Amino acid sequence: MNDTPEKPSHFIREMIAADLASGKHDSVRTRFPPEPNGYLHIGHAKSICLNFGVAEEFGGVCNLRYDDTNPVKEDQEYVDAIARDVKWLGFDWDGEPKFASDYFEQMYAFATELIEKGLAYVCTLTPEEFREYRGVPTRPGTPSPHRDRSVAENLDLFRRMKAGEFSDGTYVLRAKIDMDSPNLHLRDPAIYRIRHATHHRTGDTWCLYPIYDFAHCLEDAIERVTHSLCTLEFEVHRPLYNWILENVTLPKPLPEQTEFARLNITNTVMSKRKLLELVREGEVNGWDDPRMPTLVGMRRRGYPPAAIRAFCEKVGVTKFNGLTDFALLEFCVREELNRVAERRMAVLDPVKVVIENYPEDGEEFFEAVNNPENPEAGTRQVPFCRELYIDREDFMEDPPGKFRRLAPGREVRLRAACYITCQSVVKNDQGEIEEIRCVWDPESRGGGTPDGRKVKGTIHWVSARHALSAEVRLYDRLFTEAQPDAVEDKDFREFLNPESLQVVQAKLEPGLAGFPPETPVQFERVGYFTPDPDSRPDAPVWNRTATLRDGWKGKT
RNA sequence: UGCCGAAUGGUGUAACGGUAGCACAACGGACUCUGACUCCGUUUGUCUAGGUUCGAAUCCUAGUUCGGCAACCA
């Protein structure tokens, strides 16, 4: 995926380069390890781009590995969706997708090894007692009364845990490390717990499941991962990651964990839990709602994967937990779309224009360029007749000085067509403009005149007789607050933007019929749009991906 | 209050003891058959205080602020 020419370095690239140069590793293997308990979002995209990206850059590979160690939260639906999203983003994993559950047998053996070495024990403290004994950061913990059980007894108990003799929450296996450690994660952490639950892959084979800290490092080691990249909140887990690996029998070199800052973007939320709430409570129309920061949402909205990759590259990789402006994402989206999207014309807020000196039943076609950024995209024929639609905001009865569009007595160019001059307006009883009466200059066919006179503005239009009607969904940021989940004493839902979705009935040029979803199109002078899967042949629906930058914004 | 980590313009980043640069945003201008794109320009920054050094964003000391950690979640 080398679509960004300049790749600024960052500490992870430098670390890998150094590890290769020093001979610490002779190849690179990373992994992207999602838990299949929700849909992937733009934050995951950063991790995907990093893990797959650096592996590729250094001639290595990246595994897709599902961290499915908690059957009560995970589901096959998510497994499938995650694989689709990773591929859509443009990456491919090494071999088959991997699953933590593939290693349950090996992990059980490693746990047994720990017990045999006197480094793990079965504890029957209740969860409440467990917490009490652990203590708090400022006070050391108290050893569990079961800490010194014999190896034989631990082995027997652990076997019986696996055999299903005990109920959930009664017994756990704990690593025997240091109850006085200032790092809570080292105070004899639980590594196995009992869960009589059906796992989406192993079914009812197990009633005993490993906990993240025990499982994750072993998954990495089993797969011979060299660089295990994760987010900052796992920094304090690193000593435990290393302790486990150093205390069981494993081939060298061992994987090493390195942490980087997760991605935050303004005016959205990134936690899977909160996104799930929005879905469940009907605040959005599913995980793939185009307002969601999920990959499926962005895809439906029309964000090209290349734009998301470029964004992740621009955001960089550091240990600083920042907040990236949504405008940067939009910039990347526009930059890509400007290159690839074909141009068409569409009128979102139609008002009728009548060309008085054009024959009632006449019609003709004008040739329009499909993409000025890409001559190979060719041209198309756009029909023209006596009655047209233009956007209401392209006309003003009493325009301010810098207004360059249509107004009484003013001449403008119709994009790719001809010049028209406004003669008068027709209003209804409420004083609203119903019709704009114009005359055209037949000499201006093609967009210029023999006398070479200039017009101030060019506006887009659609032939009324030939126009397609369509529903167009206009999206805006989901939240009105930059950090909706970081405002004290406020629930993030209070900042939902009531105007995040507006639906309008638009008029489209006929050439816009039949595009499949995810086709990027620029409605000239308006924005980038893409067909929604809700479209039916007789009722097209378009999503606004992004507006065009507006250098005017109603200036006077 | 314990441990871990991080602080560079409005935002995100670069610098690896030697001219604080890039991108986004904002603002001005040029160009334009898209008020888009493109081009040019402007504004704004090294958390604080000491120290080392000819020279510090960078090294040292102390402080400040922010983030993370006390699920049998990941």
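Since the model is a prediction, treat every value here as computed from it, not as a measurement.
Base contact: A:Gly447 has a heavy atom under 4.0 Å from a base atom. Counting non-hydrogen atoms under 4.0 angstrom, A:Ala190 reaches the backbone sugars and phosphates but no base. As judged by a 4.0 angstrom heavy-atom cut-off over every strand, A:Phe234 is placed among the base-contacting residues. Using a 4.0 Å heavy-atom criterion, one finds that A:Thr126 contacts the bases of the nucleic acid, with or without backbone contacts as well. Residue contacts shown for A:Ile191 are absent, as no nucleic acid heavy atom lies under 4.0 Å away. Nucleic acid contact class of A:Leu125 (heavy atoms, under 4.0 Å, all strands): base. No engagement by A:Pro33 is indicated, since no non-hydrogen atom pair under 4.0 Å with the nucleic acid exists.
Within 90° of 0 lies the glycosidic angle of B:A71, which makes this nucleotide syn.
Distance A:Leu40 CG to B:A74 C1': 14 Å, rounded to the nearest Å. In this structure, A:Arg477 places its CZ atom 12 Å from P of B:A25, rounding to the nearest Å. In this entry the distance linking NZ of A:Lys272 with P of B:A74 reads 11 Å, nearest Å. A:Arg334 has its CZ atom 11 Å from the P atom of B:U38, to the nearest Å. A:Arg187 places its CZ atom 13 Å from the P atom of B:C72, with the value rounded to the nearest Å. Following rounding to the nearest Å, A:Tyr121 (OH) and B:C72 (C1') show an atom-to-atom distance of 13 Å. Here the P atom of nucleotide B:A74 and the CG atom of A:Leu276 are 17 Å apart, to the nearest Å. Distance A:Arg549 CZ to B:G28 P: 12 Å, rounded to the nearest Å.
The side-chain tip of A:Arg238 does not point at the ring of A:Trp243 from less than 6.0 angstrom away and within 45° of straight on. At least one test fails for A:Lys98 against the ring of A:Tyr66: distance under 6.0 Å to the centre or angle within 45° of the axis. In this structure, A:Arg445 is not positioned above the aromatic face of A:Phe366 in the sense of NZ or CZ being under 6.0 Å from the six-membered ring centre and within 45° of the axis.
Of the side-chain N and O atoms in A:Arg174, none sit less than 4.0 angstrom from OP1 or OP2 of B:C72. In this model, the phosphate group of B:U11 is not approached by any side-chain N or O of A:Thr266 to a distance below 4.0 Å at OP1 or OP2. Applying the 4.0 Å criterion to OP1 and OP2 of B:A74, one finds that A:Arg262 has every side-chain N and O outside that range. Contact annotation: A:Thr318 side-chain N/O to B:U13 OP1/OP2 distance is under 4.0 Å.
With a 6.0 Å radius and a threshold of 12 heavy atoms from other residues, nucleotides or ligands, A:Arg262 has its CZ atom at or below the threshold.
Nucleotides B:C47 and B:C37 have their P atoms positioned 34 Å apart, rounded to a whole Å. Spacing of P atoms, B:G12 relative to B:C16, comes out at 22 Å, to the nearest Å. Look at the C1' atom in both B:C3 and B:G10: the space between them is 34 Å, to the nearest Å. Nucleotides B:C40 and B:U53 place their P atoms 45 Å apart, quoted to the nearest Å.
When every heavy atom of A:Val317 is checked against every heavy atom of A:Leu50, the shortest pair comes out as CG2-CG, 4.1 Å. Closest heavy-atom contact between A:His216 and A:Pro33: CE1-CB, 3.5 Å. Nearest heavy atoms, A:Arg31 versus A:Val225: CB-CG2, 4.1 Å. Of all heavy-atom pairs spanning A:Thr458 and A:Arg415, the tightest one is CG2-CA, 3.6 Å. The nearest pair of heavy atoms linking A:Val353 to A:Cys438 is CG1-SG, 3.8 Å. A:Leu548 approaches A:Arg334 most closely through the heavy-atom pair C-NE, 4.1 Å.
Counting only Watson-Crick and G-U wobble pairs whose two key distances fall under 3.5 Å, RNA chain B forms stems of three or more stacked pairs at B:2-7 with B:64-69, B:10-13 with B:21-24, B:26-30 with B:38-42, B:47-51 with B:59-63.
The stretch residues 521-529 of chain A touches RNA chain B through A:Gln522, A:Glu524, A:Arg525, each having a heavy atom under 4.0 angstrom from the strand. Using a 4.0 Å cut-off on heavy atoms, the residues of residues 211-223 of chain A that approach RNA chain B are A:Ile211, A:Tyr212, listed by number.
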Which side-chain N or O atoms in residues 128-136 of chain A pair as donor and acceptor under 3.5 Å with protein atoms at least two apart or in another chain?
unit_1	atom_1	unit_2	atom_2	d
A:Glu128	OE1	A:Thr126	OG1	3.4
A:Glu129	OE1	A:Thr126	N	2.7
A:Glu129	OE1	A:Thr126	OG1	3.3

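Under the ring pair (Phe, Tyr, Trp, His ring centres under 6.0 Å) test applied with A:Trp542, the options A:Phe523, A:Phe529, A:Tyr528 reduce to a single match, A:Phe523. A side-chain hydrogen bond (donor to acceptor under 3.5 Å, both in side chains) with A:Asn371 is found for one member of A:Glu376, A:Gln522, A:Arg343, A:Glu342 and no other, namely A:Arg343.
For A:Glu277, the salt bridge (Lys or Arg N to Asp or Glu O under 4.0 Å) partners are A:Arg273, A:Arg493, not counting sequence neighbours. Considering only residues two or more places apart in sequence or on other chains, A:Ser463 meets the side-chain hydrogen bond (donor to acceptor under 3.5 Å, both in side chains) condition with A:His466. For A:Tyr192, there are no side-chain hydrogen bond (donor to acceptor under 3.5 Å, both in side chains) partners two or more places apart in sequence or in a different chain. Annotation: salt bridge (Lys or Arg N to Asp or Glu O under 4.0 Å) contacts of A:Asp441 (sequence neighbours excluded): A:Arg453. Under the rule for a ring pair (Phe, Tyr, Trp, His ring centres under 6.0 Å), the partners of A:Trp287 that lie at least two apart in sequence or sit in another chain are A:Tyr39.
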Short heteroatom pairs, N/O only, protein and nucleotides 5-8 of chain B, under 3.5 Å:
none

Are there any protein N/O atoms within less than 3.5 Å of an N/O atom in nucleotides 69-71 of chain B, and if so, which ones and at what distance?
unit_1	atom_1	unit_2	atom_2	d
B:C69	O2'	A:His185	NE2	2.8
B:A70	O3'	A:Arg134	NH2	3.3
B:A70	O2'	A:Arg134	NE	3.4
B:A70	O2'	A:Arg134	NH2	3.4

Distances under 3.5 Å between nitrogen or oxygen atoms of protein and nucleotides 18-23 of chain B:
none

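Atom CG of A:Leu125 is separated from atom OH of A:Tyr171 by 12.0 Å, given to the nearest 0.5 angstrom.
When distances run from any side-chain atom of A:His10 to the nucleotides B:G35, B:C24, B:A14, the shortest one goes to B:A14.
Between the side chain of A:Glu14 and the base of B:C16, a donor-acceptor pair under 3.5 Å is found. Scanning atom types as modelled, no donor and acceptor separated by under 3.5 angstrom connect the side chain of A:Arg139 and the base of B:G2.
Relative ring orientation between A:His237 and A:Tyr212 is described as perpendicular, the plane-to-plane angle rising above 60° on a 0-90° scale split at 30° and 60°.
A donor atom on one side chain and an acceptor atom on the other are found under 3.5 Å apart for A:Thr124 and A:His146.
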